[in-house]
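Below is one structure, written out as C-alpha cells; comments come after it.
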2 protein chains.
Amino acid sequence: MSLQHALLGLLTLQPSCGYELTKAFEDDIGRYAWQAGHTSIYPELNRLAGAGLVEVTHEGARGSRTYAATPEGRAELRRWLMEPPPQAKVRNEMVLRLFLISALDRDDALELLRGIADQTAESATELRRIRAENGPPTIGSPVGFGLLAAEFGLRQYEAVHGWAQWAIEQISAADQPAAAADSAPSAR
Amino acid sequence: MSLQHALLGLLTLQPSCGYELTKAFEDDIGRYAWQAGHTSIYPELNRLAGAGLVEVTHEGARGSRTYAATPEGRAELRRWLMEPPPQAKVRNEMVLRLFLISALDRDDALELLRGIADQTAESATELRRIRAENGPPTIGSPVGFGLLAAEFGLRQYEAVHGWAQWAIEQISAADQPAAAADSAPSAR
DNA sequence: TCTCGACATGTCGGTATTGACATGTCGAGA
DNA sequence: TCTCGACATGTCAATACCGACATGTCGAGA
C-alpha cells in the first residue's frame with residue numbers, strides 16, 4: 001500500500017520514468033524508508049495511471065514513459081500524509097539483528113557490536129564528507145528530498161553508533177566480577 | 001525469511017508458546033524491528049519444528065505448546081547473525097512519510113514536522129520515565145533484550161526529534177525573503 | 001451457575017512482493 | 001561493423017503476509 005504513496009511522492013517531486021524510479025529506490029529512499037524492485041514499480045505505475053493519480057507526460061527513446069503526478073494524485077498524497085497518525089508498520093532486518101544480539105554469548109555479542117560501531121561510524125563520516133562537498137544548502141532554495149534524506153541518514157547512523165557503544169559498555173560492565181567460567185550470575 | 005530468525009532469537013532467549021511470541025511482536029521487537037501477527041507465527045513455528053531448529057518442550061493448558069530453540073537452532077541463529085553483512089531490507093512507513101514531506105508545500109510541511117517533533121519528544125520522555133522507574137540496570141545482571149530495545153527506542157526517538165527540528169529550521173530559513181507574514185529571521 | 005475476557009491455536013482466500021526469465025533499444029568504443 | 005553495457009519495460013510462478021473467520025479452554029466474578 002505504501003509503495004503507491006512512495007511513487008506518488010517521487011512523481012510529485014519530479015516526473016520520471018519507471019527506470020529512474022527504480023534507481024531512486026536503490027538510493028536513500030530504498031536504504032532508509034522503503035525498498036522496491038522494478039517488478040513492483042511498473043505494475044504499480046500502471047495501476048496508478050489507471051486510477052488517474054499519475055499520467056504519462058512524455059514518451060522518449062527506448063519506449064520510456066515519463067510519468068508525473070496529476071492534481072488528483074497530489075491530493076491523494078497530501079491526504080495520506082496529513083490525515084491519520086497510524087501506527088507504522090516496521091520491517092527492518094538491521095534493527096532485528098541488533099536486538100537479537102542479546103541471544104548471543106558475551107564474546108560474540110561484543111565482536112558484533114564492535115563491527116556495527118565501526119560500520120556506522122564509517123557511514124556517518126562518509127555522509128558528512130558528501131555533505132561538505134556539496135557545500136551548505138543554498139539559502140532560498142527549496143529543501144528537497146535529498147537533503148532531508150541525507151540528514152536523516154546521518155543522524156540515524158550516529159544514533160545506532162551511540163547505541164552500539166552504549167551496549168558495548170553495558171555488556172562489558174555486566175558479569176565481570178566472577179573469575180568463573182561465564183554467565184548466569186544469580187544476582188538478586 | 002527474517003521472521004524465522006526473529007523466532008529463533010526469541011526462543012533462544014526464552015522458551016515460549018505461540019501466544020506469548022505474538023505478544024512479544026506487539027512490543028519492542030514489533031515496534032522497532034520486525035512486526036508479525038499470529039497467522040505468520042504459528043505456521044512458521046511448525047516449519048521450524050519440522051526443520052529441527054526448535055522443539056516443543058512442554059504442553060500446557062488450553063493446548064498451549066512451549067517451544068525452545070534446539071542446539072541446531074541456536075547454531076543457525078549465530079550463523080545468521082555473525083556471518084554476512086548483507087545490505088538490510090527496510091520497510092518503514094514512518095520514515096517514508098518523513099521523506100515525502102518534501103513533496104508538500106511549506107505550510108503543510110511545517111505543520112506535519114511540528115507534529116512529529118512533538119510526538120517523538122513525548123515518546124522519548126515516556127521511555128525515559130519507564131527507565132527511571134525500573135532503576136539503573138543491575139550490575140552483574142545480563143543485558144537482555146528489553147534493555148537493549150528500550151535504549152534503542154529512546155535514541156531512535158531522539159534522533160528523529162532532532163531531525164524534525166533541523167528540518168523545521170531549514171524549511172523556515174529557505175524561501176523567506178518575501179516580506180511574508182512571520183518568523184524566520186533572515187539573520188546572516 | 002453463567003458469562004465474559006484473556007488465553008491459545010488454527011485455516012483460508014486474497015494481496016503484495018520477489019526472483020527468474022524475457023525482450024528490445026541506444027550509444028560508445030574496439 | 002560489432003559488441004557490450006546501460007537504458008527501459010515487462011511477465012510469471014512462487015513465496016510472504018495480512019485480515020477475516022473459526023474453534024475451543026480456563027479462571028474470575030456476577
Side-chain angles (χ1 to χ4, degrees), chain A residues 1-8 10-11 14-27 29-30 33-51 54-68 80 86-93 96, chain B residues 1-8 10-11 14-27 29-31 33-51 54-68 86-93 96:
Chain A
M1 287 285 85
S2 295
L3 175 57
Q4 187 183 143
H5 295 103
L7 291 173
L8 233 31
L10 291 176
L11 292 177
Q14 162 113 285
S16 323
C17 68
Y19 187 81
E20 292 166 325
L21 291 168
T22 303
K23 292 290 170 195
F25 276 95
E26 288 168 11
D27 282 347
I29 194 168
W34 202 269
Q35 42 105 41
H38 80 279
T39 58
S40 325
I41 293 170
Y42 286 112
E44 190 61 40
L45 282 173
N46 287 326
R47 246 170 285 156
L48 284 168
V54 304
E55 61 185 348
V56 175
T57 57
H58 176 72
E59 311 214 353
R62 292 173 250 207
S64 82
R65 266 160 288 140
T66 300
Y67 290 88
W80 182 71
Q87 21 74 280
K89 315 233 161 171
V90 173
R91 285 276 160 84
N92 191 325
E93 198 179 299
L96 178 61
Chain B
M1 286 285 86
S2 294
L3 175 57
Q4 186 182 143
H5 295 102
L7 291 174
L8 233 30
L10 291 175
L11 292 177
Q14 163 111 285
S16 322
C17 69
Y19 188 81
E20 291 166 325
L21 291 168
T22 303
K23 293 290 169 195
F25 277 95
E26 288 167 13
D27 283 345
I29 192 167
R31 182 153 45 245
W34 203 269
Q35 43 105 42
H38 80 279
T39 58
S40 323
I41 293 169
Y42 286 112
E44 189 61 40
L45 282 173
N46 286 327
R47 245 169 286 156
L48 285 167
V54 305
E55 61 185 348
V56 175
T57 57
H58 177 71
E59 310 212 355
R62 292 173 249 207
S64 82
R65 267 160 287 141
T66 301
Y67 291 87
Q87 20 74 282
K89 314 236 162 170
V90 173
R91 284 276 158 83
N92 191 326
E93 197 178 299
L96 179 61

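Residue numbering restarts at 1 for every chain, and letters A, B, ... go by the order of the sequence lines. Hydrogens, waters and symmetry mates play no part in the numbers below; they use all other heavy atoms, side chains included. Since the structure is predicted, the reported quantities are computational estimates derived from the model, not experimental observations.
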From the 5' end of DNA chain D to its 3' end, which nucleotides mark the outer limits of contact with chain B, defined by a 4.0 Å heavy-atom distance cut-off (strictly under)? D:dA16 to D:dC26

Considering heavy-atom distances to DNA chain D, does A:N46 or A:R62 have its closest nucleotide positioned more toward the 5' end? A:R62

Going by purine N1 to pyrimidine N3 plus the second Watson-Crick contact, or the G-U wobble pair, all under 3.5 Å, which nucleotide sits opposite D:dC26? C:dG5

Is any side-chain heavy atom of B:E93 less than 4.5 Å from a side-chain heavy atom of A:S2? yes

A:S40 versus A:L3, closest heavy-atom pair with distance: CB-CD2, 3.7 Å

What does A:S64 touch in the nucleic acid at a heavy-atom separation under 4.0 angstrom: a base, only the sugar-phosphate, or nothing? sugar-phosphate

For A:Q14, does its backbone N or O pair with a side-chain atom of A:S16 as donor and acceptor, under 3.5 Å? yes

If you assign each of B:K89 and B:K23 to its closest nucleotide in DNA chain C, which residue comes earlier from the 5' end? B:K23

When you measure from the side chain of A:R91 to the backbone N and O of B:Q35, does any donor-acceptor pair fall under 3.5 Å? yes

Within a radius of less than 6.0 Å around CD of A:E55, do more than 12 heavy atoms belonging to other residues, nucleotides or ligands occur? yes

Rounded to whole Å, how long is the line connecting atom CD of B:E93 with atom P of C:dA16? 13 Å

A:S40 near the nucleic acid: base, sugar-phosphate alone, or nothing, with a heavy-atom cut-off under 4.0 Å? base

Pair partner, D:dC12 [Watson-Crick or wobble, under 3.5 Å]: C:dG19

Under a 4.5 Å cut-off applied to non-hydrogen side-chain atoms, are B:L21 and B:L7 in contact? yes

If we check side-chain contact (heavy atoms from CB on, under 4.5 Å) with B:L11, which of these qualifies: B:T57, B:T66, B:L45, B:L48? B:L45

Contact class for A:Q4 vs. all strands (heavy atom < 4.0 Å): base, sugar-phosphate, or nothing? nothing

First encountered from the 5' end of DNA chain C, between B:T22 and A:Q35: B:T22

Just to be sure I understand the rule, does A:E20 reach a base, reach only the sugar-phosphate, or reach nothing, if contact means heavy atoms closer than 4.0 Å? nothing

B:R47 CZ - C:dT11 C1' separation (whole Å): 14 Å

